[in-house]
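Note that the structure is a prediction, hence the values are computed from the model and not measured. In listed order, ligands and their atoms are each counted from 1.
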Amino acid sequence: SFGFLQVASPVPQGPNKWHEQFPIAKGQRQSPIDIVTSNAKVDKALSDNPLKVSYSNNCCQSVTNTGASFQVVVDGAGTEISGGPLDSTYKLVQFHAHWGPLGGDEGSEHTVDGVTYPAELHLVHWNQKYKDVGEAVDKPDGLAVIGVFFSRGKEHAGFKPISDLFAKVPRKADKVDISFNYDPACLLPARRDYWTYLGSLTTPPLFESVTWIVMKDPVEVSAEQLAALRNLLWETPSGEGQMCNNYRPPQPLQGRLVRST
Ligand SMILES: O[B-]1(O)OCc2ccccc21
Ligand SMILES: [Zn+2]
């Protein structure tokens, strides 16, 4: 399966030390970034060929605690995206998230004019021109990740079936099957405007293989749903603790262009 494509358990040291084992951490197309909205360039081509998201409602197989996030594993059947910045069809393989401390406002990986959100969802897709995700994962056009900001507000009915499962996978490698039909498209904001740029995985091995599609609008989830993320436990220097702050801070833009719909 795609075990290695998990959000890698942060190696015991934090993001500022990853470059020792993964020199690409100081590369030319690292993620996340701070999105400076005034520098983003509207590209008509993105709207002329709109991003097409065609997910099915029975593609989700299970939820796992990867030791660094929750991960919903998807069987890929009929879960394709194309258009927009993509030159090929990409297929969903998993989704996960990054978040901050209980009740805080940091936690997202991308920031918008320096503003953070309490959490950020990543829907990970791989380019169908490759034979499998293992071949795609380190190619410059190998992955496409849709990022969705979570803001704290009313309960997200679509996220509830998933957030209710976190208590069932408290420890690393715990896994629970998803026996109900679930369409991950319910996690996308109604307005499909986004920013897009070329970047990387935000966890080791930090491959520079991601076309990022960051949705402009956040989706609201409740404080309880954000708190449910902390039912997931992970190893801390002082033993087992609530999983939180599993986000990498923004990295140097290195002159990259951010395009906008
Ligand atoms: O590093 B990430 O969380 O961001 C994009 C991505 C893709 C695949 C695995 C892990 C990640
Ligand atoms: Zn991620």
Side-chain angles (χ1 to χ4, degrees), residues 1-11 14-16 18-19 21-22 24-27 29-35 62-74 76 79 81 85-86 90-100 106-111 116-128 130 132-150 159 162 166 172 184 187-188 194-215 218-219 229 232 234 243-251:
S1 81
F2 313 110
F4 58 87
L5 191 59
Q6 290 182 350
V7 181
S9 304
V11 287
N16 55 3
W18 286 347
H19 68 92
Q21 253 180 291
F22 306 94
I24 202 168
K26 292 180 181 291
R29 59 172 275 191
Q30 287 291 293
S31 292
I33 59 169
D34 177 44
I35 295 166
S62 61
V63 185
T64 300
N65 176 331
T66 67
S69 183
F70 72 85
Q71 185 165 122
V72 175
V73 174
V74 166
T79 53
I81 62 171
L86 306 175
Y90 289 67
K91 191 169 274 207
L92 182 66
V93 60
Q94 53 103 332
F95 61 90
H96 62 271
H98 306 262
W99 57 91
E106 68 273 22
S108 63
E109 300 210 298
H110 292 89
T111 57
T116 62
Y117 288 89
E120 181 175 330
L121 180 79
H122 287 162
L123 295 144
V124 180
H125 310 75
W126 59 282
N127 191 327
Q128 292 304 286
Y130 298 109
D132 57 32
V133 69
E135 188 189 1
V137 72
D138 63 349
K139 303 300 182 294
D141 61 352
L143 301 181
V145 181
I146 296 178
V148 183
F149 294 122
F150 280 178
F159 187 53
I162 302 297
F166 297 154
K172 181 171 178 178
L187 300 173
L188 297 174
Y194 58 86
W195 295 286
T196 182
Y197 76 99
L198 298 180
S200 72
L201 302 189
T202 62
T203 52
L206 300 170
F207 291 139
E208 297 186 332
S209 57
V210 180
T211 298
W212 279 97
I213 297 168
V214 179
M215 304 313 289
V219 297
L229 288 163
L232 298 152
W234 66 353
M243 191 185 286
C244 63
N245 302 325
N246 53 357
Y247 64 93
R248 187 190 195 190
Q251 301 300 307

*Return a yes/no value for Thr203: is any of its N or O atoms, backbone included, closer than 3.5 angstrom to an N or O of ligand 1?*
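By distance alone, the answer is yes.
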Which atoms of ligand 1 sit under 4.0 Å from any heavy atom of [X]?
| X | result |
| --- | --- |
| Leu201 | 1 (O), 6 (C), 7 (C), 8 (C) |
| Gln94 | 8 (C), 9 (C) |
| Thr202 | 1 (O), 2 (B), 3 (O), 4 (O) |
| His98 | 3 (O) |

*Looking at the Zn ion (ligand 2), which N/O/S atom of His122 is the nearest one?*
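Of all N, O or S atoms belonging to His122, ND1 is the one nearest the Zn ion (ligand 2).
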_Residue His96 atom name (nearest to the Zn ion (ligand 2); N/O/S)_ = NE2
*How are the rings of His110 and Tyr197 set to each other: parallel, tilted or perpendicular (split at 30° and 60°)?*
perpendicular
*Which of parallel (below 30°), tilted (30 to 60°) and perpendicular (above 60°) describes His96 and His122?*
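Plane angle over 60°, so perpendicular.
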_Residues Asp141 and Tyr90: side-chain donor-acceptor under 3.5 angstrom_ = no
*Using distance alone, with no hydrogens and no angle criterion, decide if Glu109 and Thr202 have a side-chain donor and acceptor under 3.5 Å apart.*
yes
*Given His122, Gln71, Glu109, His96, which one has a non-hydrogen atom that is nearest to atom 11 (C) of ligand 1?*
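The residue whose heavy atom sits nearest atom 11 (C) of ligand 1 is His96.
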Hey, does the side chain of [X] reach the backbone of [Y] with a donor-acceptor pair shorter than 3.5 angstrom?
| X | Y | answer |
| --- | --- | --- |
| Thr66 | Ala68 | yes |
| Trp99 | Met243 | yes |
| Ser209 | Asp138 | no |

*Please state which part of Val124 comes within less than 4.0 Å of ligand 1, counting heavy atoms only: side chain, backbone, both or neither.*
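Under 4.0 Å from ligand 1, Val124 contributes side-chain atoms alone.
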